[in-house]
Amino acid sequence: MELFESPSALQNYLKKERSSGKKIGLIPTMGALHQGHISLIEASVLENDVTVSSIFVNPLQFNNKKDLELYPRSLEKDLIMLEKAGCNAVFSPSAEQMYPQQPSLKIHFGYLEEVMEGKFRPGHFNGVAIIVSKLFHFVLPDKAYFGQKDLQQFAIIRQLVQDLSFPVTLVCCPILREKDGLAMSSRNVRIPDKNRPVAAKIYEALQLGQNTLLAQGIQECKRTVTEFISSHPELQLEYFEIVDSETLEAVPDVKQSRSLALCIAVYLNEIRLIDNLLVKILN
Ligand code: AMP
């Protein structure tokens with residue numbers, strides 16, 4: 001496995017690979033890797049000749065300075081996991097290499113950035129769109145892999161690719177969970193052991209929400225999930241939304257939408273955790 005810190009060294013390597021007709025898969029990450037990330041690498045290894053993963057904690061997408069400072073970093077361990085999974089190249093630039101100058105560009109996504117993550121993390125998706133665009137330019141991947149865990153991010157990147165005609169196929173991979181249902185996340189290492197059981201209540205809330213939605217509809221689902229979360233004093237609900245899984249528009253009624261997503265953001269102490277569950281409505 002090759003490790004690159006400068007965009008030009010990565011580009012030279014990939015130029016050679018591409019000229020011999022090899023297909024390239026890209027998995028952007030912020031490191032502190034877990035099995036969820038590795039499932040994206042494995043999907044790429046199956047479908048491409050060269051798998052490239054980036055590891056870069058992107059300051060531009062953090063609207064909370066403390067969250068950026070506390071974001072876990074474990075490059076050495078990450079490299080071992082990537083090599084084992086069959087990754088061919090890792091791009092791990094410094095902030096100066098990635099941003100020789102502070103970008104002045106602002107990318108807006110209209111409605112897609114006004115709800116949920118966009119509403120509570122102003123500027124976040126601008127930062128995501130800029131880093132993903134840069135990575136697409138450096139790597140020129142045939143396919144790029146993202147997780148359903150960040151469902152809204154996927155919708156934003158799909159829009160970015162459409163609007164700017166990036167010649168890349170996007171792949172959305174399912175959420176990997178711990179045994180108790182907690183969605184794997186780099187931030188989970190910050191959860192104190194004593195709070196670990198209550199963290200699993202987030203997925204329980206989504207499952208309860210799904211059952212209530214199918215039996216009793218939208219309003220009852222919202223009420224039940226909100227009450228369930230507030231019955232655990234360690235958890236503070238930031239949002240719970242029932243949306244169309246592609247447009248992210250709030251759905252007025254279960255019958256109208258074929259693929260819904262239940263999306264939740266919760267604070268456990270100061271740690272912000274997000275999760276979602278897709279619900280297919282068969283009419
Ligand atoms: P991050 O390092 O958090 O930016 O995540 C890098 C990629 O891994 C994103 O596309 C995430 O959606 C994806 N990802 C994060 N957690 C999971 C998970 N539990 N299962 C599958 N993919 C995930």
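Atoms within a ligand are numbered from 1 in the order they appear, just like the ligands themselves.
- Residue contacts with ligand 1, taken as heavy atom pairs separated by less than 4.0 Å, involve Met30 via backbone and side-chain atoms alike.
- Atom CD of Glu270 has 12 or fewer neighbouring heavy atoms from other residues, nucleotides or ligands inside a 6.0 Å radius.
- Atom 3 (O) of ligand 1 has Tyr71 OH, 3.8 Å as its closest protein atom, hydrogens excluded (heavy atom only).
- At a heavy-atom cutoff of 4.0 Å, ligand 1 is contacted by the side chain of His34 but not by its backbone.
- The N/O atoms of Leu176, backbone and side chain alike, include one that comes under 3.5 Å of an N/O atom in ligand 1.
- The CD atom of Glu17 sits 12.0 Å away from atom CG of Asn12, with the distance rounded to the nearest 0.5 Å.
- Note: no N/O pair closer than 3.5 Å links Ile175 and ligand 1 by distance alone.
- To the nearest 0.5 angstrom, Ile157 atom CD1 is 11.0 Å from Gln152 atom CD.
- Of the protein's heavy atoms, Gly147 N, 2.9 Å lies nearest to atom 10 (O) of ligand 1.
- In the vicinity of Pro174, heavy-atom distances shorter than 4.0 Å reach the ligand 1 atoms 20 (N), 21 (C).
- Taking distance alone, with nitrogen or oxygen atoms compared against 3.5 Å, Asp150 approaches ligand 1 more closely than that limit.
- When heavy-atom distances to ligand 1 are checked against a 4.0 Å cut-off, Leu40 comes that close only through its side chain, counted from C-beta outward.
- Proximity of Ser185 to ligand 1, defined as any heavy-atom pair under 4.0 Å, is not found for any part of the residue.
- Under a 4.0 Å criterion applied to the non-hydrogen atoms of Thr29, ligand 1 contributes the atoms 2 (O), 6 (C).
- Remark: ligand 1 atoms within the under-4.0 Å shell around heavy atoms of Phe146 are 10 (O).
- Here the side chain of Asn276 pairs a donor or acceptor atom with the backbone of Lys149 at under 3.5 angstrom.
- Here's the thing with Met184: one of its N/O atoms is less than 3.5 angstrom from an N/O atom of ligand 1.
- Contacts between Cys173 and ligand 1 below 4.0 angstrom, taking non-hydrogen atoms only, are absent altogether.
- For Lys23, the NZ atom sits in a loose shell: 12 or fewer heavy atoms of surrounding residues, nucleotides or ligands are nearer than 6.0 Å.
- Rounded to the nearest 0.5 angstrom, Asp244 CG and Leu260 CG are separated by 7.0 Å.
- Ser53 places a side-chain N or O within donor-acceptor distance of the main-chain N or O of Ile27, the cut-off being under 3.5 Å.
- The environment of Glu69 atom CD is dense: over 12 non-hydrogen atoms of other residues, nucleotides or ligands sit within 6.0 angstrom.
- In terms of protein heavy atoms, atom 1 (P) of ligand 1 is closest to His37 NE2, 3.7 Å.
- Looking only at protein heavy atoms, the nearest one to atom 14 (N) of ligand 1 is Lys149 CB, 4.3 Å.
- Listed by atom number, the atoms of ligand 1 under 4.0 Å from Pro28 heavy atoms are 6 (C), 7 (C).
- Side-chain contact annotation: Tyr71 with Asn58, donor-acceptor N/O pair under 3.5 Å absent.
- Note that CG of Asn188 and CG of Leu273 are 6.0 Å apart. Values are rounded to the nearest 0.5 Å.
- Ring-plane geometry between Phe136 and Phe166 is classed as perpendicular, the angle between the planes exceeding 60 degrees on a 0 to 90 degree scale with a lower cut at 30.
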